[in-house]
Amino acid sequence: MRLPDASLSLLCQLSEDDRRKLEQLCSTGLPDSITLTIHERRWQCHLAPVENNHWLLSADLSQHHQQDALGINEWQLQHTWLNQSTGKATLSAQMPILVDLLMSRQGADRVILWRHYATEEVLRPLYSQGLPFALQPVKAERRYLRTLLQRGGLSYGHCAEQPLLSAFSYLAGDDIVHRLDVPLVMEQKIVGVISLEYAQSRSPVTPSDMQFVAAIAAQLAELITQPPQDNPVANGDIDIDQLTPLLLHHTGQDFFNQLMVQLASLFKADIALVGLLAPLQEKVRLVSCAIGGELQPPFSFSLADTPCQVSINQAQNIIVYHQDAAALFPESELLQKHKIQAYVGLSIKDSGHNTVGNLALLFKRPLPASSQLQSLLEQLEHRVSAELLRRRDQEALIVSAAAFDTREGLFITDGHMHIQRANQAFIDMSGYHSNELIGRSMLSLRAEDTSQPSIEAITEIMEQEKRWQGEQKLLRADGKTLPVHLRISQVKDKLGILHQVCCVEDLSQQQETKQRIERMAYFDELTGLHNRRFM
């Protein structure tokens, strides 16, 4: 048993009630017994006064009690579920809360909810937190499902080496070390699986852990198997408060995935989608899309002859078609394929009132009233806009990083020629470590050589033309020099701050090839003496 922290006063490790009881007992100066909570454990303690106003405290280990936090959480959840007057329908709104609870209590890096389709023999990812929704369906191996059902849950270490997980090929690429799988069971059949994945080894899974995850899995099983309700929500039944946990706790791809699932569930929409507008405004590239309550792999659709195009071209942010949407837009493949009747779309704009994306809910039935939905979308507009702009900037950074990481050496300096960033090719070329290059003046990497242009000449041309190129000698970390071709371009960022983008090409191989050709042309191969062509 771990003892209390000896470096701290016992009083400061107690709750206020326990501290008051202990102080009152000590004030009597008489031996007595007391029950204390120390480090979330309940101890039956005995105190006796000794010389110099000291106390002897002992704890009866036979009466030691440990509070089961997971058990209390489970009881509270069961109590909440049993007392819900609206029944199972409210569980869809609780899905983010349930998965949040799993991630926090079990310390998982990500959680995935899989739906099992027995006829197709596949596990399809329905919902995830902690990773972009880029997972594909996997084959539902019968041995894996049978073992999962028999044991009620499986805990794996060294996931990439587990034969039962061979269908989940993404585990090795994502460096998943540990995984806990618990089945979602209805009528003694597996309808899904909840997977908790860890990038690092975790402590052994206890029976309490397994029971806690199984309790939530039982509720998720009811949720994903309950039949959809055809009746649309009545006005006044839903407000933004029901999305507050999602808005507070999630961002990035998780935010879009959960928002689409939640909006589709709350308003009984057949399709919920959010996407970014392509640069030429010809297509909408979906960031997240839920069809029939299930998240779909990303795809794009043409903007021409769609309600989204009308929304972009009109002044108002929200556009509504209460019925006959497919008939009004006969060229829209998405509307025709799903026989869409009603459409409610929100055009997302940036601070310059330029359209950056679109959020839409599509219905296979006419929509008699949409005021509540429009009101909710208006309240979500600023948050969705911020997330979409952030997503667009992230994608631009990824593209820039990919372009930056070329085989040609690249580095960027500030206006004072101090290196701010360098790619791996230039790091290898210079022989310095990355942290040694950052902040170093680019002039310190220039070897002195009278045959190359001077710094003053280069600076003069840069001031006039904002660019320069020519040959230089690079001084490596080991003291050796390397002939390079250097191109420098001046750029300014959006804040008007000056930077210099420098492109470095290694000429050493070219020069060696040139020298070898000259030797072959002007020297005798046998004697090494000049030949007739040289004369």
Side-chain angles (χ1 to χ4, degrees), residues 68 70-71 73-75 77-78 81-82 88 91-92 94-95 98-99 101-103 105-131 135-172 174 176-198 201-227 292-295:
D68 185 359
L70 290 179
N73 282 144
E74 180 187 342
W75 177 86
L77 288 170
Q78 296 285 3
W81 290 324
L82 289 173
K88 299 176 184 176
L91 286 177
S92 60
Q94 293 185 4
M95 185 180 288
L98 294 178
V99 179
L101 194 61
L102 275 178
M103 294 188 73
R105 293 291 184 269
Q106 294 297 315
D109 292 300
R110 60 194 194 188
V111 174
I112 307 167
L113 175 62
W114 306 86
R115 177 71 191 271
H116 177 228
Y117 293 88
T119 54
E120 304 173 33
E121 292 190 341
V122 298
L123 286 168
R124 188 181 303 278
L126 290 186
Y127 185 89
S128 69
Q129 283 185 209
L131 79 165
L135 296 175
Q136 299 297 322
V138 301
K139 181 174 176 55
E141 299 285 353
R142 295 182 182 181
R143 179 167 167 247
Y144 164 77
L145 294 177
R146 185 169 60 251
T147 308
L148 196 61
L149 185 60
Q150 289 173 349
R151 299 187 183 180
L154 295 171
S155 176
Y156 308 90
H158 307 290
C159 292
E161 303 170 7
Q162 297 294 335
L164 283 178
L165 294 179
S166 58
F168 300 91
S169 57
Y170 69 89
L171 292 172
D174 290 354
I176 297 300
V177 174
H178 196 101
R179 175 161 147 159
L180 172 62
D181 285 352
V182 175
L184 279 58
V185 181
M186 290 293 289
E187 300 177 354
Q188 299 183 344
K189 293 182 180 179
I190 292 183
V191 297
V193 177
I194 188 80
S195 298
L196 283 68
E197 297 184 345
Y198 301 81
S201 298
R202 61 154 288 167
S203 56
V205 177
T206 65
S208 294
D209 292 330
M210 194 67 77
Q211 183 176 341
F212 178 70
V213 179
I216 293 182
Q219 299 301 320
L220 292 173
E222 292 188 17
L223 170 62
I224 67 173
T225 55
Q226 65 183 3
E294 297 182 10
L295 288 167

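Computed from heavy atoms alone, side chains included, the values below leave out hydrogens, waters and symmetry copies. Since the model is a prediction, treat every value here as computed from it, not as a measurement.
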Show the numbers, then the answer: is there a side-chain contact (heavy atoms from CB on, under 4.5 Å) between Arg105 and Ile216? CA-CA 12 Å; Arg105 293 291 184 269; Ile216 293 182; over 6 Å; no
Report yes if some heavy atom in the side chain of [X] is under 4.5 Å from a heavy atom in the side chain of [Y]; otherwise report no.
X	Y	answer
His116	Leu123	yes
Arg115	Tyr117	yes
Phe168	Ile176	no
Asp174	Arg110	yes

Set of residues satisfying salt bridge (charged side-chain N to carboxylate O under 4.0 Å, His left out) with respect to Arg142, sequence neighbours excluded: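 Testing Arg142 for salt bridge (charged side-chain N to carboxylate O under 4.0 Å, His left out), a comparison that skips the adjacent residues, returns Glu121.
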Of all residues at least two apart in sequence or in a different chain, which pass the salt bridge (charged side-chain N to carboxylate O under 4.0 Å, His left out) check with Lys189?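 Here no residue qualifies.
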Heavy atoms only: give me the nearest [X]-[Y] pair and the separation to one decimal.
X	Y	result
Met103	Asp109	CE-O, 3.4 Å
Ala217	Leu184	O-CG, 3.5 Å
Leu196	Ala108	CB-CB, 4.1 Å
Trp114	Ser195	NE1-OG, 3.1 Å
Tyr198	Gln106	OH-O, 2.8 Å
Val182	Val213	CG2-CG1, 3.5 Å

Mind checking the CG-CG spacing from Leu113 to Leu295? Nearest 0.5 Å is all I need.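 Taking CG in Leu113 and CG in Leu295, the distance rounds to 10.0 Å.
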List the atom pairs, with distances to 0.1 Å, where a side-chain N or O of residues 149-167 and a protein N or O form a donor-acceptor pair under 3.5 Å, not counting sequence neighbours.
| from | atom 1 | to | atom 2 | distance (Å) |
| --- | --- | --- | --- | --- |
| Ser155 | OG | His178 | NE2 | 2.8 |
| Gln162 | NE2 | Gly157 | O | 2.8 |
| Ser166 | OG | Pro163 | O | 3.1 |

